[in-house]
There are 2 protein chains.
Amino acid sequence: MKSVLVVGTGLIGASVGLALKDAGFGGKVVGYDTSAEELAAALAMGAVDEALARCEDVLDARADVTVLATPVLPILDWMQKLAPVLGEGQLVTDVGSTKREIAMLGAKLFGNTKQSRFLPGHPMAGKESGGAKLAEAALFRGSTWLFTPIEKPQSGSKDNRPQSNPEDDQASEMELAWRAMVARFGAQVRDVEAEKHDEICAWVSHLPQYLSTALAALLEDTFAGDEEGFRAMQAIGGRALRETTRLGASPYSMWRDVALTNTENVAQTLLALEQRLAHVRENLKTPELREEFRTANRFRVGR
Amino acid sequence: MKSVLVVGTGLIGASVGLALKDAGFGGKVVGYDTSAEELAAALAMGAVDEALARCEDVLDARADVTVLATPVLPILDWMQKLAPVLGEGQLVTDVGSTKREIAMLGAKLFGNTKQSRFLPGHPMAGKESGGAKLAEAALFRGSTWLFTPIEKPQSGSKDNRPQSNPEDDQASEMELAWRAMVARFGAQVRDVEAEKHDEICAWVSHLPQYLSTALAALLEDTFAGDEEGFRAMQAIGGRALRETTRLGASPYSMWRDVALTNTENVAQTLLALEQRLAHVRENLKTPELREEFRTANRFRVGR
């Protein structure tokens, strides 16, 4: 692995660049972003060595590893553009928040060779605000970096060969190099099936996000016209308020694509939470509230 | 102020004891708790100098300031018991999470003298787990400590005097001493009307709590029977999950009383959040989601 191209040099993309440097990567890191400002910031902070000016330059770059670090919909676009020009031995990977649509398109576009050319990925790291300026080399340290390797098409392959044997699917040299590099970022690498990824992430990442957005928006609307109440809320609100509304600052651009590409799972978790809140509300004065606290007290995940 | 009696030596009560020592209070701190274990822990860590063995001892203690640091319902009980035995110049204060019922009962029991004898209070500090062992002298540093001074009864006083003039209501020497001490704990002292307190706290404290409980209980139930999913969730869940479910560990004993004494406000905030989540759910694929993020992005309270 001698060159890495980062497409989208925002918080995650620029952090990948910094983490590469920090891990002692001696090759070249090239960056591209539709925002000249983000790209300049990534260049200025040394997250990328070289900035590509035009979208077409990305297709000519021929990096060993191309990291798609944009929201999900542009990732799908870039996959379409890169598939026809991807050379032998090169790898495309991504950091998108949902994986089902990406893995499906990846199988279609990149799945027709024995060795992997596309590796869907998702680092479980981030901040409530985006942008290269908040990037950190240590962003992935101690977090989990998920991969959802694509399955080879089971039918319809050109040579009509029988169902592929999983042992035929080989991780390419570049895939192994990228996995090793991610481990050097300090992340725990873990493989998960793409459908399962989207199901679990709906619960542990997407639901907390839309919940925080809804709560922050609700509080904003409730107190917007009430200056005295607003000041009191500012003074009174402590850690509980901060933590449950922190993600309200997250950008729409990223979460629109999550909503569009994991709609069913997200809707299901939101509905379940609505019903659970109604259950608590209807039982504020009954012993059922005790059961709810007991169940919640048993929950120890993520702590 | 030469002696302080802390009734309820759990997290808050024991932290008050430690904060008193830390602030250089030279008098005696006496403690009582229905749990011998909590009381022993508070004594062992030096949060109290002396432990009272029996409930009756509390009524004989005659401390300058008595701090009721139990859940709200026992606070109401203690107020009833203490009112008849409270001597001149002594003060009772509390740290209960809801203030309307406490202030109302306080006005009835303690409001018939010119100088204040009861001062409802609420430090906006705590942890998701209770108990003396987690107590800290610095728990209140940088937080807000609210007081909701009781209003004198406007009618029905024994001497049938005309409506009391606010200037007649005097903070007692002991109230001033306690307020000064709380400031020395490093807390920001702020007065607020009791009804307003319960309204605002429903939004910034109680709603985040019941929400975290509901979310943690929902996740516990969803993943309880699915060992593989549970392990994946543990690996994948990051800060967003931790923060939104942290308060799921909070004890029922405290939050039962909040639910019982602020029912209407809490129910209203829960219903509003249910509706807001439904709104997000119904608009996962519409431009309305952008508006929701824009509104949430404007919310800057508590950060």
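- Note on ring orientation: taking the six-membered ring where Trp is involved, the planes of B/F185 and B/W145 are tilted (angle from 30° to 60°).
- Proximity to chain B (any heavy atom under 4.5 Å) is restricted, for A/L207, to the side chain, taken from C-beta onward.
- A distance-only check finds no donor-acceptor pair linking the side chain of A/D191 to the backbone of A/T148 [under 3.5 Å].
- Contact annotation: the side chain of A/F140 approaches that of A/I12 to within less than 4.5 Å [non-hydrogen atoms, C-beta and beyond].
- For chain B, the option among A/H122, A/E282, A/E243, A/H197 with the highest count of heavy-atom pairs below 4.5 Å is A/E243.
- A donor-acceptor distance shorter than 3.5 angstrom exists from the side chain of B/N297 to the backbone of A/G248, with no hydrogens or angles considered.
- Residue A/S143: no heavy atom, backbone or side chain, is found under 4.5 Å from chain B.
- Side-chain N/O atoms of A/N265 and A/H206 include no donor and acceptor closer than 3.5 Å.
- With respect to chain A, the highest number of heavy-atom pairs below 4.5 Å among B/I200, B/T144, B/L215, B/I236 belongs to B/I236.
- In this structure, no portion of A/E199 lies under 4.5 Å from any heavy atom of chain B.
- Between the side chain of B/T70 and the backbone N or O of B/G8, no donor-acceptor pair lies under 3.5 Å.
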Discussion item. Please determine whether side chain to side chain donor-acceptor pair (under 3.5 Å) holds for the pair B/Q209 and B/S250, giving the CA-CA distance in whole Å, both sets of side-chain angles, and the decisive distance to 0.1 Å.
Written reply: CA-CA 8 Å; B/Q209 173 60 57; B/S250 295; 2.9 Å; yes
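- Counting only heavy atoms from C-beta outward, the side chains of A/L277 and B/Y210 never approach each other to under 4.5 Å.
- Highest contact tally toward chain B, considering only A/L260, A/T244, A/L211, is held by A/L211 [criterion: heavy-atom pairs under 4.5 Å].
- Across B/D221, B/V258, B/N283, B/V192, the residue that shares the most heavy-atom pairs under 4.5 angstrom with chain A is B/D221.
- For A/D226, the part lying near chain B is the side chain, with the backbone staying farther off; criterion is any non-hydrogen pair under 4.5 Å.
- Between the side chain of B/E128 and the backbone N or O of B/R246, no donor-acceptor pair lies under 3.5 Å.
- For chain B, the nearby parts of A/R290 are the backbone and the side chain; heavy atoms of each come within less than 4.5 Å.
- Contacts between A/R294 and chain B at a heavy-atom distance below 4.5 Å are absent for every atom of the residue.
- Options B/K285, B/K196, B/R239 differ in how many heavy-atom pairs under 4.5 Å they form with chain A, and the most are formed by B/R239.
- Only the side chain of A/L146 comes within contact range of chain B, judged by heavy atoms closer than 4.5 Å.
- The candidate with the highest count of non-hydrogen atom pairs below 4.5 Å against chain A, out of B/S205, B/A278, B/A125, is B/A278.
- At a threshold of 4.5 Å between non-hydrogen side-chain atoms, the residues A/L271 and B/R281 count as touching.
- Among B/Y252, B/W203, B/F223, the residue making the largest number of heavy-atom pairs under 4.5 Å with chain A is B/Y252.
- Looking at A/S129, there are no atoms closer than 4.5 Å to chain B (heavy atoms on both sides), in backbone or side chain.
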